Asks: 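Dropping a structure here in structure tokens format, bear with me for questions.
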Amino acid sequence: MCASAKYNTRGPALIPRMKTKHRIYYITLFSIVLLGLIATGMFQFWPHSIESSSDWTVEKRSVHDVPVVKLPADSPIPERGDLSCRMHTCFDVYRCGFNPKNKIKVYIYSLKKYVDEYGTSVSNTISREYNELLTAISDSEFYTDDVNRACLFVPSIDVLNQNALRIKETAQALAQLSRWDRGTNHLLFNMLPGGPPDYNTALDVPRDRALLAGGGFSTWTYRQGYDVSIPVYSPLSGEVDLPERGPGPRRYFILSSQMALHPEYRSELEALQAENGESVLILDKCTNLSDGVPAVRKRCHKNQVFDYPQVLQESTFCVVLRGARLGQAVLSDVLQAGCVPVIIADSYILPFSEVLDWKRASVVIPEEKMPEMYSILQSVPQRQIEEMQRQARWFWEAYFRSMKAIALATLQIINDRIYPYAAISYEEWNDPPAVKWSSVSNPLFLPLIPPQSQGFTAIVLTYDRVESLFRVITEVSKVPSLSKLLVVWNNQNKNPPEESLWPKIRVPLKVVRTAENKLSNRFFPYDEIETEAVLAIDDDIIMLTSDELQFGYEVWREFPDRLVGYPGRLHLWDHEMNKWKYESEWTNEVSMVLTGAAFYHKYFNYLYTYKMPGDIKNWVDAHMNCEDIAMNFLVANVTGKSVIKVTPRKKFKCPECTAIDGLSLDQTHMVERSECINKFASVFGTMPLKVVEHRADPVLYKDDFPEKLKSFPNIGSL
Amino acid sequence: MQTRKKYIFLTFLASWLLLFFFGGDQLRHFAFFSGRKTEARRNWPRWTDRSLLKSFADSEELQSDGDPSLPSPRERRAARLSVYKNSRCRMETCFDFSRCEKHGFKVFTYPRERDQPLSESYGKILASIERSRYYTPNPEEACLFILSIDTLDRDHLSGQYVRNVDEKIRGFPLWNGGRNHLIFNLYSGTWPNYTEDLGFDIGQAILAKASFYTESFRPGFDISIPLFPKDHPQRGGEKGWLYQDSVPPKKKYLLVFKGKRYLTGIGSSTRNALHHIHNGKDIISLTTCKHGKDWEKHKDTRCDKDNVDYEKFNYQELLHNSTFCIVPRGRRLGSFRFLEALQAACIPVLLSDGWELPFAEAIDWGKAAVVGNERLLLQIPSAVRCIHPERVLAFQQQTQFLWDAYFSSVDKIVHTTLEIIKDRLLPHRSRSRFLWNTLPGGLLALPEFSTHLGDFPFYYLQHGSSPSEKFTAFIRAVSPAGSLSQPILRLIQAVSGSQYCAQILVLWSCEKPPPPSGKWPQTTVPLTIIQGRGKLSDRFFPYAAIQTDAVLSLDEHASLSTSEVDFAFTVWRSFPERIVGFPTQSHFWDAEQKRWGYTSKWTNELSIVLTAAAFYHRYYHSLFTEYLPAGLRELVDGLAACEDILMNVLVAAVTKLPPIKVTQRKQHKESVSQQVKGTTGAAGGRRFSQHQDCLNQLADWFGYMPLVSSQLRLDPVLFKDQVSVLRKKYPRLEKP
């Protein structure tokens with residue numbers, strides 16, 4: 001501050017004295033300084049740029065060039081896996097910390113080649129699948145390259161297939177990882193556990209506290225809530241493209257495509273086939289294939305040759321029997337084919353069973369019940385089979401199709417355990433996109449009839465029609481359940497009348513002044529609204545009786561998640577124009593109610609203000625029209641329910657065309673409203689409005705019964 | 001002048017050099033960090049030869065995963081039985097499925113011995129089982145056995161501890177090493193360690209226990225149940241406290257706790273830390289040291305102040321006024337607080353590491369509770385603050401649904417336990433997680449009926465489907481004449497005229513055989529006659545012939561026109577989970593006689609739609625026949641016109657919503673009122689008091705009054721409006 005003041009006093013004196021000679025001098029000085037700066041900068045950045053360019057060369061390396069690590073014979077071996085490990089006992093949550101994104105950070109150790117004392121390698125450095133898996137993690141949001149910030153560590157030591165590694169030495173390699181610490185927060189991926197003769201159902205490599213994402217867990221080896229059960233990846237999914245097959249009958253009812261089944265299982269399957277004939281197809285390995293045909297892509301039944309996995313699409317159900325191991329790669333192929341897996345593998349923990357609802361995509365049959373398989377499967381309703389086929393395909397697409405899908409689902413499951421309050425919901429895990437799209441999850445799903453005592457808040461949107469507004473206020477204030485009246489003053493150029501001029505009513509009356517004349521102000525969730533029920537009413541609706549309004553409130557209490565209103569409207573499909581049309585005539589159906597007089601839940605004000613899809617809200621404000629249609633769309637879309645129109649039709653003074661007089665204007669109005677419907681339907685991507693043929697009246701409406709004994713006698717008058 | 005410039009130049013140069021030598025290092029760091037942000041992070045390398053890498057297993061190995069040297073599956077299963085016993089039990093090794101095959105899922109309770117003390121809670125558990133539809137008094141038929149020895153409290157310091165259990169059970173001939181037995185327990189272990197030890201060998205019995213540790217829980221075999229107090233109601237149960245969906249869903253406090261602080265011993269680390277998050281404003285966490293006899297011995301400096309603060313707040317008031325409630329472990333993992341918070345719609349924040357949550361096999365707790373981590377207590381306030389209001393609203397509603405569906409009474413807790421076990425017997429006929437976690441809940445969604453969501457009346461919206469477009473008319477004929485009366489002929493004509501009618505079924509409940517097929521009117525839709533067994537509850541039997549979602553239930557005297565049927569059916573399609581019908585009645589609380597009253601007079605309200613003319617979903621036939629215990633159906637068979645009320649009560653208990661009345665033609669009303677007038681004599685009086693009895697007995701059986709009243713009637717949109725009749729779709733409904 002002070003320094004700059006000095007320059008200012010000196011500056012004006014200096015500049016006039018400056019001559020051309022001096023100017024050159026100054027310029028030279030300046031450029032020298034600039035050059036110095038650049039040189040310094042270059043020098044400072046130099047070492048770092050060497051680093052990054054060396055990184056670049058690492059990227060271009062081959063897996064054979066990775067550093068070699070020699071494991072001494074006596075290097076430590078981790079303890080065997082601890083069966084009692086759970087997240088709260090063996091996992092260090094402090095490493096994960098609290099972060100606003102609720103995402104765990106995953107670190108991957110760099111790739112090394114491990115050899116024993118004699119230089120013999122411990123395992124294949126890395127398989128194609130494990131490389132894909134690590135690449136996927138590295139590309140994901142979970143990844144961090146900073147070992148100090150990591151919550152979860154993934155060794156680059158490939159243990160996907162236990163048969164491809166030396167158990168003791170692999171364990172030693174794990175133990176010497178820089179952050180191993182008894183395996184805490186380390187995650188190993190294994191798909192083929194165990195080996196002959198006993199085929200353990202979990203990886204035999206001693207791993208101490210490390211978490212295991214394993215394919216083929218049994219209930220005895222799976223540490224629920226700690227380990228993750230993953231699929232056995234089928235490399236065929238990468239090679240073969242099986243397009244999703246639509247619903248409809250398939251040629252076979254039950255298909256078994258596995259090779260090397262135990263003879264006992266095979267004979268049981270053959271017994272099924274003998275009993276049920278052609279609808280059951282039992283395939284086996286082909287014995288007499290010509291050379292060059294890959295055996296894995298063919299299956300045979302007697303002399304008939306079938307293409308695999310294409311043949312799976314020909315069957316409704318596909319048997320997935322356990323082999324030496326519980327987890328079978330064929331499960332992935334079956335799901336890909338959209339064939340419903342029939343899982344016969346007692347005590348098998350199905351892939352991602354912590355989050356996936358397998359009952360929706362598969363049939364699990366106990367081994368002992370194998371002879372009853374046919375009748376069990378026949379009891380599955382046809383419509384359910386179609387859904388299961390779709391569900392099976394969706395599971396494959398989302399969680400089986402690639403190593404990336406498997407890796408990310410695994411990390412997400414662990415993430416959900418650490419940040420349970422931000423966990424992905426059942427629906428997000430399990431609903432196929434088609435279901436997510438067509439199904440509705442009502443935010444007000446609990447069946448409640450709100451207490452009458454809380455009453456409702458009336459909101460009157462007004463601009464300058466004070467006289468009419470006061471009449472509305474007086475009329476509405478007669479309704480017994482009114483608990484507060486809110487006037488939204490939408491006129492910025494004019495002040496609302498003085499307090500003393502307002503009608504005196506028995507409930508609190510508040511005036512809210514808005515910053516801009518927008519229709520959406522009517523639907524703002526004002527803090528002043530303390531009741532659940534809101535009555536939106538225009539400042540010219542004076543023809544509704546107190547009985548009608550009170551009855552409307554009672555109806556809303558029985559349908560608190562719907563729009564309950566008086567004038568009803570309809571949308572129609574115009575076959576000639578191939579678009580939607582707005583209808584306000586006397587029709588036998590309704591699909592909307594006008595919000596010039598309607599009850600609804602305050603929750604929908606939040607939705608309208610903050611969750612309106614697309615640009616609808618701004619569009620409505622800009623066009624000064626159709627806010628009511630937008631509200632009808634919003635509520636119907638989120639609840640899947642129709643509106644409720646109450647009480648008979650009245651001669652409303654054209655409530656929706658305030659400043660309009662004359663027929664021709666009325667027609668342009670209708671055109672505009674129709675346009676709104678078409679616009680909104682395209683933004684919502686669907687037509688959510690539901691058409692109904694009923695309206696609500698009091699139980700004894702127009703019944704031959706003394707009027708004075710009726711709760712709401714004054715309905716339909718005026 | 002020149003020298004001055006030289007000096008300036010030199011100073012510049014010198015300062016650059018200085019900066020370069022001394023400040024360079026810091027500058028480098030600075031540059032490094034700012035540079036890192038833009039630079040790509042060090043990702044997993046893209047190996048040049050990645051496409052040449054070998055697969056983790058060759059295809060042959062993956063697709064023929066067999067080993068001929070392995071023992072046969074049968075041998076392996078036999079070997080498994082001997083290895084995985086007792087503490088490693090699973091259903092397939094420790095449960096004898098064959099016992100359940102012949103008679104289905106039947107539960108036997110051991111006869112109670114006179115000298116055997118029985119706690120109130122265990123008495124309720126046994127009563128629940130004996131009242132359930134699964135109960136059998138015959139051990140030969142039983143699939144599951146329940147001991148009569150009270151095993152709820154296994155704290156040997158407790159007064160209700162039963163001694164020598166081992167000896168007693170070994171004397172039971174049915175015990176069989178505990179196979180197919182279910183043992184209930186609420187408290188295990190004792191001071192100071194509160195282990196899972198029950199003090200006797202449960203062998204291969206399934207353990208349904210509160211405060212289960214995940215480590216000792218046998219997955220898919222044991223069941224974790226909630227801890228419930230001894231005054232927990234037998235049936236019905238209190239309603240949840242959420243009676244409105246306030247928006248925003250905030251209450252006075254954000255997070256509360258009020259309870260004991262353990263100064264020493266197990267569980268103290270959590271309870272001792274809870275006071276740290278107290279801020280006196282929106283987070284209230286109060287602890288007291290006053291518990292046990294010798295608390296003053298362990299007393300620390302906080303105790304006195306804490307004890308004073310503790311008294312300032314009322315626990316019930318906190319429960320009512322908080323959005324979240326901390327449910328920390330006590331000495332054991334579960335506490336009464338859990339159910340209290342659930343009922344109060346105060347979202348439980350669980351701090352109980354290693355607790356296998358109640359019924360977690362079925363219930364998705366992530367939708368109703370925040371599962372916290374004892375070690376991260378201090379993060380809880382910020383974590384719950386960050387939960388979006390929409391989610392809070394959903395959480396609150398879910399607590400109420402779960403409370404009401406599975407926890408509010410001992411009956412519900414016990415039945416949930418039984419249903420979970422039953423679901424394991426036939427995995428392909430069991431409930432998906434969706435059914436358990438969606439209204440109306442697993443107990444009311446019978447997998448025997450269907451496992452397909454679209455077959456139930458509750459899930460159309462979530463499932464994205466709609467009810468079928470046709471209905472089955474189901475007419476009950478009781479006229480003793482043995483021939484066809486005029487009303488039934490008219491009725492068949494009217495109903496078969498409906499464009500939505502798929503078929504007509506006549507339940508012939510007369511003693512005389514039905515007239516030959518030639519006597520029946522010719523209809524465009526198939527007409528089938530079913531011979532009834534003469535019981536009133538027959539009309540709600542799930543006949544296989546009913547294939548449409550909708551059933552139009554009719555008495556032969558009902559007089560309906562085709563347009564009434566058409567209109568009612570379109571209304572029903574909007575409300576497929578409710579009863580939609582014509583004549584209605586209502587119930588009320590008779591304060592003078594302290595019992596429920598019943599009226600068939602014209603009133604401004606309605607709560608019962610008579611099934612003499614009503615649409616409902618065919619699923620309710622299954623629920624009526626299979627869900628309700630046989631005793632209740634017998635009760636209905638003994639009382640006149642009670643089956644109507646029971647059906648209404650059942651549907652109201654399931655939906656918590658009133659039925660729907662649709663408009664009726666005048667003429668029909670008159671005939672009804674004439675009927676009513678005609679029966680106001682002695683016979684009518686008796687009939688009326690039977691209605692009243694029925695209603696009261698049902699309320700008693702359900703434990704509360706499920707019926708809900710409605711004040712509205714649904715009419716066609718233009719009903720009695722002043723428009724041309726030609727414009728109206730249902731003009732006939734208005735004819736006087």
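From a predicted model like this one, the values you see are computed outputs, not experimental measurements. Naming: A, B, ... by sequence-line order, numbering from 1 per chain.
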Asks: Please report the interatomic distance OG1(B/Thr451) to CZ(A/Arg360), rounded to the nearest 0.5 Å.
Replies: 12.5 Å
Asks: Quick check for you: to the nearest 0.5 Å, what is the distance between B/Asp715 atom CG and A/Lys645 atom NZ?
Replies: 11.0 Å
Asks: Atom CZ in B/Arg42, atom OG in A/Ser110: separation rounded to 0.5 Å?
Replies: 9.5 Å
Asks: Chain B: which of A/Asn588, A/Ile418, A/Asp416 shares the most heavy-atom pairs with it under 4.5 Å?
Replies: A/Asn588
Asks: Using side-chain heavy atoms (C-beta onward) and a distance below 4.5 Å, is B/Pro73 in contact with A/Glu367?
Replies: yes
Asks: Test A/Val380 against B/Arg429 for side-chain contact (heavy atoms from CB on, under 4.5 Å), laying out the working first.
Replies: CA-CA 9 Å; A/Val380 184; B/Arg429 277 259 160 230; over 6 Å; no
Asks: Measure A/Tyr222 against the heavy atoms of chain B and call it side chain, backbone, both or neither at under 4.5 Å.
Replies: neither
Asks: Heavy-atom pairs under 4.5 Å with chain A are the metric here; pick the option from B/Val384, B/Asp364, B/Leu393 that has the most.
Replies: B/Leu393
Asks: Taking C-beta and beyond as the side chain, do A/Lys611 and B/Glu390 meet within less than 4.5 Å on heavy atoms?
Replies: yes
Asks: How about A/Val590 and B/Val717: do any of their side-chain heavy atoms sit closer than 4.5 Å?
Replies: yes
Asks: At their closest point, which heavy atom of B/Asp49 faces which heavy atom of A/Val63, and how far apart are they?
Replies: OD1-N, 3.1 Å
Asks: Hey, are the side chains of A/His694 and B/Phe567 touching, using non-hydrogen atoms and a 4.5 Å cut-off?
Replies: yes
Asks: Passes side-chain contact (heavy atoms from CB on, under 4.5 Å), B/Gln462 versus A/Val435? Steps please.
Replies: CA-CA 8 Å; B/Gln462 290 109 315; A/Val435 172; over 6 Å; no
Asks: Between A/Asp357 and B/Phe434, what is the shortest heavy-atom contact and its length?
Replies: OD2-N, 3.6 Å
Asks: Under 4.5 Å heavy-atom distance to chain B, tell me which part of A/Asn430 shows up: side chain, backbone, both or neither.
Replies: neither
Asks: Hey, could you give me the CE/OG distance between A/Met259 and B/Ser64, rounded to the nearest 0.5 Å?
Replies: 4.5 Å
Asks: Is any side-chain heavy atom of B/Leu712 closer than 4.5 Å to a side-chain heavy atom of A/Asp697?
Replies: no
Asks: Please check if the side chain of B/Thr48 supplies one atom and the backbone of A/Arg61 the other of a donor-acceptor pair under 3.5 Å.
Replies: yes
Asks: With chain A as the partner, which of B/Asn437, B/Asp455, B/Leu657 has the greatest number of non-hydrogen pairs under 4.5 Å?
Replies: B/Asp455
Asks: For chain B, which candidate among A/Gly640, A/Pro450, A/Pro451 shows the most heavy-atom pairs at distances under 4.5 Å?
Replies: A/Pro451
Asks: Which heavy atom of B/Ser55 sits nearest a heavy atom of A/Glu129, and at what distance?
Replies: OG-OE2, 2.8 Å
Asks: Go through B/Leu52, B/Thr663, B/Leu53, B/Leu606 and name the one with the most non-hydrogen pairs under 4.5 angstrom from chain A.
Replies: B/Leu53
Asks: Side chain, backbone, both or neither: which part of A/Pro381 has a heavy atom under 4.5 Å from chain B?
Replies: side chain
Asks: Sort out for me which of A/Gln454, A/Lys359, A/Glu558, A/Arg86 touches chain B most, counting heavy-atom pairs under 4.5 Å.
Replies: A/Glu558
Asks: Do the rings of B/Tyr84 and A/Trp220 sit parallel, tilted or perpendicular, given the 30° and 60° boundaries?
Replies: parallel
Asks: Of the backbone (N, CA, C, O) and the side chain (C-beta and beyond), which part of B/Arg80 lies under 4.5 Å from a heavy atom of chain A, both, or neither?
Replies: side chain
Asks: Answer with side chain, backbone, both or neither: which region of B/Arg77 has an atom nearer than 4.5 Å to a non-hydrogen atom of chain A?
Replies: side chain
Asks: Should A/Gln224 and B/Thr214 be marked as a side chain to side chain donor-acceptor pair (under 3.5 Å) after you check the CA-CA gap, both sets of side-chain angles, and the distance that decides it?
Replies: CA-CA 8 Å; A/Gln224 195 157 12; B/Thr214 45; over 6 Å; no
Asks: Using heavy-atom distances under 4.5 Å, tell me whether A/Tyr419 contacts chain B through its side chain, its backbone, both, or neither.
Replies: neither
Asks: So which of A/Phe705, A/Tyr606, A/Tyr143 has the biggest tally of heavy-atom pairs under 4.5 Å with chain B?
Replies: A/Tyr143
Asks: Among A/Leu709, A/Thr587, A/Asn124, A/Val692, who wins on heavy-atom pairs under 4.5 Å with chain B?
Replies: A/Thr587
Asks: Nearest 0.5 Å, please: how far is CG in B/Asp245 from NZ in A/Lys602?
Replies: 13.0 Å
Asks: I want to check something: taking the side chain as every heavy atom from C-beta on, are A/Thr89 and B/Glu215 in contact at a cut-off of under 4.5 Å?
Replies: yes
Asks: Is there a salt bridge (charged side-chain N to carboxylate O under 4.0 Å, His left out) between B/Arg713 and A/Asp703? Walk through the geometry before answering.
Replies: CA-CA 11 Å; B/Arg713 181 183 85 194; A/Asp703 273 353; 3.5 Å; yes
Asks: If you compare all heavy atoms of A/Asn161 against all heavy atoms of B/Ala57, which two are closest, and at what distance to 0.1 Å?
Replies: ND2-CB, 3.6 Å
Asks: Might you point out which heavy atoms bring B/Leu62 and A/Tyr233 nearest each other, and give the distance in Å?
Replies: CD1-O, 3.8 Å
Asks: Quick check on A/Ala434 against chain B: is it the side chain, the backbone, both or neither that has a heavy atom closer than 4.5 Å?
Replies: neither
Asks: Quick one: what part of A/Ser379 sits under 4.5 Å from any heavy atom of chain B, side chain, backbone, both or neither?
Replies: both
Asks: Checking B/Glu92 side chain against A/Ser347 main chain: does a donor-acceptor pair fall under 3.5 Å?
Replies: yes
Asks: Check each atom of B/Ser709 against the heavy atoms of chain A and say whether the ones under 4.5 Å are side chain, backbone, both or neither.
Replies: backbone
Asks: To the nearest 0.5 angstrom, please state how far the CG atom of B/Leu376 sits from the NE2 atom of A/His88.
Replies: 13.0 Å
Asks: Side chain, backbone, both or neither: which part of B/Val349 has an atom under 4.5 Å from a heavy atom of chain A?
Replies: neither
Asks: Could you tell me whether the side chain of B/Val370 reaches within less than 4.5 Å of the side chain of A/Pro420, counting heavy atoms only?
Replies: no
Asks: Would you say the side-chain atoms of B/Arg391 pair up with the backbone N or O of A/Tyr421, donor to acceptor, closer than 3.5 Å?
Replies: yes
Asks: Answer with side chain, backbone, both or neither: which region of A/Asp139 has an atom nearer than 4.5 Å to a non-hydrogen atom of chain B?
Replies: both
Asks: What part of A/His64 gets closer than 4.5 Å to chain B, counting heavy atoms only: side chain, backbone, both or neither?
Replies: both
Asks: Is B/Lys720 close to A/Pro648 at the side-chain level, that is, under 4.5 Å between some pair of heavy atoms?
Replies: no
Asks: Grab the two heavy atoms, one from A/Arg695 and one from B/Leu718, that are nearest each other, plus how far apart they are.
Replies: NH1-C, 3.8 Å
Asks: Side chain, backbone, both or neither: which part of A/Leu134 has a non-hydrogen atom closer than 4.5 Å to chain B?
Replies: both
Asks: Is chain A contacted by the side chain of B/Gln396, its backbone, both, or neither, given a heavy-atom distance below 4.5 Å?
Replies: neither
Asks: Could you walk me through whether B/Val571 and A/Glu693 pass the side-chain contact (heavy atoms from CB on, under 4.5 Å) test, one step at a time?
Replies: CA-CA 7 Å; B/Val571 171; A/Glu693 298 183 356; over 6 Å; no
Asks: Could you go step by step and tell me if A/Glu532 and B/Val247 meet the side-chain contact (heavy atoms from CB on, under 4.5 Å) rule?
Replies: CA-CA 7 Å; A/Glu532 279 180 275; B/Val247 174; over 6 Å; no
Asks: Heavy-atom pairs under 4.5 Å with chain B - which of A/Val364, A/Thr219, A/Val330 has more of them than the others?
Replies: A/Thr219
Asks: Give a yes or no answer on whether the side chain of B/Arg727 reaches the backbone of A/Trp586 with a donor-acceptor pair at less than 3.5 Å.
Replies: yes
